[in-house]
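Working notes, structure below.
Note: hydrogens, waters and symmetry copies are ignored here, and every other heavy atom, side chains too, is used. Numbers restart at 1 for each chain; the letters A, B, ... are given by sequence-line order, proteins then strands.
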Number of protein chains: 2
Amino acid sequence: MGRAKLNLKKIEHNATRHVTFAKRKSGLRKKTNQLSILCDADVAVMLFSSTGRLSCFSGDKMYAFFFFFAPLNLSLSLSLSLFLLKS
Amino acid sequence: MGRAKLNLKKIEHNATRHVTFAKRKSGLRKKTNQLSILCDADVAVMLFSSTGRLSCFSGDKMYAFFFFFAPLNLSLSLSLSLFLLKS
DNA sequence: TTCCCTATATATAAATC
DNA sequence: TGATTTATATATAGGGA
């Protein structure tokens, strides 16, 4: 998309990668919300950025709570999620 | 998108809603995978369809295992997820 | 319901500020 | 870092088989 076709491989330039991450994360959130509403589904998304920063979101139809543990540095992590449907 | 602009509300026609769900789920999977590769991030997605069917997927950079419990009919559910980064 | 097709709506890369 | 602006790549609604 956008001006140029993009190869599917890691964007090496740091600033560009971060910008793309922010844009696509918000795009994913939008798609998630649309799918949830249009199709009466519940969707939860967990994201770990390349710097290890974590973010989560879910469709408006439910409350979601996420708990994370990353005991062995970052190669293994554990997540406990609680979903409470609003309906 | 597509031929007509779509209102952001539940698609009432059953067959149409199911078709849209399948299409958008695969779209979401694609976006998830792209984000994961382009931005060197890890992403996990959990989906509950309107019929209660569950599906999960994650970027190629990690192995993800999902365990679900829905003790109180379907209004509350609990998920335990294990992520193992391949790198 | 599952593939194609294709006209449009959207997402978004790059550029500029 | 953000915001805004395009030009272009993609996603996908609706329809037909």
Completion exercise
Assign each of Ala4(A) and Gly27(B) the nucleotide of DNA chain D bearing its closest heavy atom; nearer the 5' end lies the nucleotide of Ala4(A)
When the distance from [atom1] of [X] to [atom2] of [N] is rounded to whole Å, what number comes out?
{"X": "Leu38(A)", "N": "dA13(D)", "atom1": "CG", "atom2": "C1'", "answer": "11 Å"}
{"X": "Leu6(A)", "N": "dA15(C)", "atom1": "CG", "atom2": "P", "answer": "13 Å"}
{"X": "Arg29(B)", "N": "dT12(D)", "atom1": "CZ", "atom2": "P", "answer": "13 Å"}
{"X": "Arg24(B)", "N": "dG14(D)", "atom1": "CZ", "atom2": "C1'", "answer": "13 Å"}
{"X": "Asn33(B)", "N": "dT10(D)", "atom1": "CG", "atom2": "C1'", "answer": "16 Å"}

Within a strict 4.5 Å, meaning less than it, do heavy atoms of the [X] and [Y] side chains meet?
{"X": "Arg24(A)", "Y": "Leu28(A)", "answer": "no"}
{"X": "Leu35(A)", "Y": "Leu47(B)", "answer": "yes"}
{"X": "Cys56(B)", "Y": "Phe68(B)", "answer": "yes"}
{"X": "Leu8(B)", "Y": "Gln34(A)", "answer": "yes"}
{"X": "Phe83(B)", "Y": "Phe48(A)", "answer": "yes"}

Handout entry: Results of side-chain hydrogen bond (donor to acceptor under 3.5 Å, both in side chains) for Asn7(A) - residues two or more places apart only
Key = none
Exercise for the section: Give, ordered by number, those residues of residues 13-23 of chain B having at least one heavy-atom distance below 4.0 Å to an atom of DNA chain D; if nothing qualifies, reply none. Expected result: Thr20(B), Lys23(B)
Handout entry: Base dT6(D) paired with Arg3(A) side chain (donor-acceptor, <3.5 Å)
Key = yes
Handout entry: Side-chain N,O (Lys30(A)) to OP1/OP2 (dT10(C)) below 4.0 Å
Key = no
